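Worksheet: the structure to be examined is printed underneath.
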Amino acid sequence: MEFDLKKQAKEEFDIKKQVKNKGLLQSEELHNYILETSVYPREAEPLKELREATENHPKSFMAAAPIAGQMISFLLKKENAKKTIEVGVFTGYSLLLTALSIPGDGKITAIDCNREAYEIGLPFIKKAGVEAKIDFVESDAHLALDNLLLNPKNEGSFDFAFVDADKPSYQHYHERLMKLVKVGGVIAYDNTLWGGGGGGTVAMAESQVPDFMKVNREAMIKLNKSLAADPRIDIAQLPLGDGITFCRRLY
């Protein structure tokens, strides 16, 4: 009996140590459990249809993760965000999610250099009745953000920004978005752990990282260090999807 109690205590200690050090999201089964139990049952039908349509796209991996999307929607509703900006649209899953989460008079400035993928999501956006909330800007994001800043009224006028675009440009976007998003507003950066699959290349030795992932891995490492050291923001980095970092502007 004493042996069994010691064995049980050791097993409980090992489990608690694992949870404390690594968290729980260590298996595909648990990830799927969260999706099937909490995410998909709450996913609006147009979002589900767009997600399934995007799965047939050769670059479907570029779509925002539904598990991260649920967190974004929760935050948008909590903060009653009305004016948002999205850098990188792809087929529009996160864009549609945002449009469904903000009030009827809300507006989204959606920026992408290629409208082709957006056209895949547009029928679902129209079906959801939220197209009027979206101003799609087909442009290089650097240029589009600079153009927004040409109008002084845009400074500090956005409640929320979501960035899921070319990774080496994230730091450049950050400086522009810090002027566009209001004090107390939030900027969310997707893919900040770069390479999910239970890993995250930012924490891997460079020799273990596939060559095609190295440029973006280096960009994310630099971004993560920069955000952690930026006194103008509070941050919360979460292992959702491919990693997502929320930044709240302090001043």
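Note that the structure is predicted; figures quoted are calculated from it, not measured.
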Q. Is there side-chain contact between K214 and F212, with at least one heavy-atom pair below 4.5 Å?
A. no
The side-chain contact (heavy atoms from CB on, under 4.5 Å) partners of I120 (sequence neighbours excluded) come to H57, T91
* For atom CD of E116, is the number of surrounding heavy atoms from other residues, nucleotides or ligands below 6.0 Å larger than 12? -> no
_I'd like to know if E119 and R115 make a salt bridge, using a cut-off of under 4.0 Å between side-chain N and carboxylate O._
yes
Applying side-chain contact (heavy atoms from CB on, under 4.5 Å) to A229 and not counting sequence neighbours gives none
Might you work through the side-chain contact (heavy atoms from CB on, under 4.5 Å) test for Q237 and I244, ending with a clear yes or no?
CA-CA 6 Å; Q237 187 173 37; I244 187 168; over 6 Å; no
Please answer: with hydrophobic residues joined when any side-chain heavy atoms are less than 4.5 Å apart, are L149 and L145 in the same cluster?
yes
Dump the intermediate steps for side-chain contact (heavy atoms from CB on, under 4.5 Å) on V186 and V181, then the final yes or no. CA-CA 7 Å; V186 173; V181 171; over 6 Å; no
| said: With ring-ring contact (aromatic ring centres under 6.0 Å, His included) as the criterion, how do Y170 and Y189 come out once you've worked through the C-alpha distance, each side chain's angles and the decisive distance to 0.1 Å? | reply: CA-CA 8 Å; Y170 272 27; Y189 294 101; 5.6 Å; yes
Do L97 and L95 sit in the same hydrophobic cluster, where Ile, Leu, Val, Met, Phe, Trp and Tyr count as joined when their side-chain heavy atoms come under 4.5 Å apart? yes
Is the shortest side-chain heavy-atom distance between F162 and D190 below 4.5 Å? yes
A141 and I111 have their tightest heavy-atom pair at CA-CG2, 3.9 Å
Output for pair (E175 CD, Y173 OH), nearest 0.5 Å, gives 14.0 Å
d(Q171 CD, K225 NZ) to nearest 0.5 Å is 11.0 Å
Handout entry: Heavy-atom side-chain contact between V87 and D164 under 4.5 Å
Key = no
Exactly one of K83, K182, R249 clears salt bridge (Lys or Arg N to Asp or Glu O under 4.0 Å) with D159, and that residue is K182
Where do N147 and L150 land on the side-chain contact (heavy atoms from CB on, under 4.5 Å) test, with the steps shown first? CA-CA 5 Å; N147 285 340; L150 290 176; 3.7 Å; yes
In terms of heavy-atom contacts, L96 and A128 come closest through CD1-CB, 3.9 Å
- Item | Contact check, side chains of T192 and L223, non-hydrogen atoms, under 4.5 Å | yes
Check your understanding: With a 4.0 Å cut-off, would you call E49 and K127 a salt bridge?
Key -> yes
Separation between CD (E29) and CD (E36), nearest 0.5 Å, reads 12.5 Å
d(D166 CG, N216 CG) to nearest 0.5 Å is 8.5 Å
Joint cluster assignment, F160 & V183, ILVMFWY side-chain distance < 4.5 Å:
no
| query | Are R51 and F124 in a cation-pi setup, meaning NZ or CZ lies under 6.0 angstrom from the ring centre and within 45 degrees of the ring axis? | reply | no
Heavy-atom closest pair (Y93 atom, P66 atom, distance to 0.1 Å) is OH-CB, 3.7 Å
Here the gap from T37 atom OG1 to R42 atom CZ, rounded to the nearest 0.5 Å, amounts to 12.5 Å
So side-chain hydrogen bond (donor to acceptor under 3.5 Å, both in side chains) across residues 70-82, not counting sequence neighbours, yields S73-S101
Residues at least two apart in sequence or cross-chain that pass salt bridge (charged side-chain N to carboxylate O under 4.0 Å, His left out) with K222, listed by chain then number, are none
Derivation and outcome, salt bridge (Lys or Arg N to Asp or Glu O under 4.0 Å), residues D146 and R176: CA-CA 7 Å; D146 285 341; R176 290 159 173 80; 2.8 Å; yes
In I187, L177, N154, the residue satisfying side chain to side chain contact (heavy atoms under 4.5 Å, CB included) with I85 is L177
Exercise. So do the side chains of D234 and C247 get within less than 4.5 Å of each other, counting heavy atoms only?
Worked result: no
So ring pair (Phe, Tyr, Trp, His ring centres under 6.0 Å) across residues 224-251, not counting sequence neighbours, yields none
| Would a hydrophobic clustering, with Ile, Leu, Val, Met, Phe, Trp and Tyr connected at side-chain separations under 4.5 Å, put Y118 with M62? | no
*For the hydrophobic clusters of this structure (ILVMFWY residues joined by side-chain heavy atoms under 4.5 Å, transitively), does one cluster hold both L122 and F90?*
no
Take L250 and R248, measure what side-chain contact (heavy atoms from CB on, under 4.5 Å) needs, and give me the verdict at the end.
CA-CA 6 Å; L250 299 177; R248 183 173 68 94; 3.6 Å; yes
- Got L227 and H174 here, is their nearest side-chain heavy-atom distance under 4.5 Å? yes
Sorted by chain and residue number, the side-chain contact (heavy atoms from CB on, under 4.5 Å) partners of R217 (sequence neighbours excluded) come out as W194, T201, E206, V209, I221
Answer yes or no: is there a side-chain heavy-atom contact under 4.5 Å between P168 and V215? yes
Scanning both residues in full, the closest heavy-atom pair of H142 with S169 reads CE1-OG, 3.2 Å
When every non-hydrogen atom of A165 is compared with those of G88, the smallest separation belongs to CB-CA, 4.1 Å
For A81 and T84, the nearest pair of non-hydrogen atoms, with its separation, is CB-CG2, 4.4 Å
When rounded to the nearest 0.5 Å, the distance separating CD1 of I108 from CZ of F158 is 11.0 Å
### Query
Distance only, no hydrogens: is a donor on one side chain within 3.5 Å (strictly under) of an acceptor on the other, for T109 and E86?
no
Any side-chain heavy atom of M220 sitting closer than 4.5 Å to one from V202?
-> yes
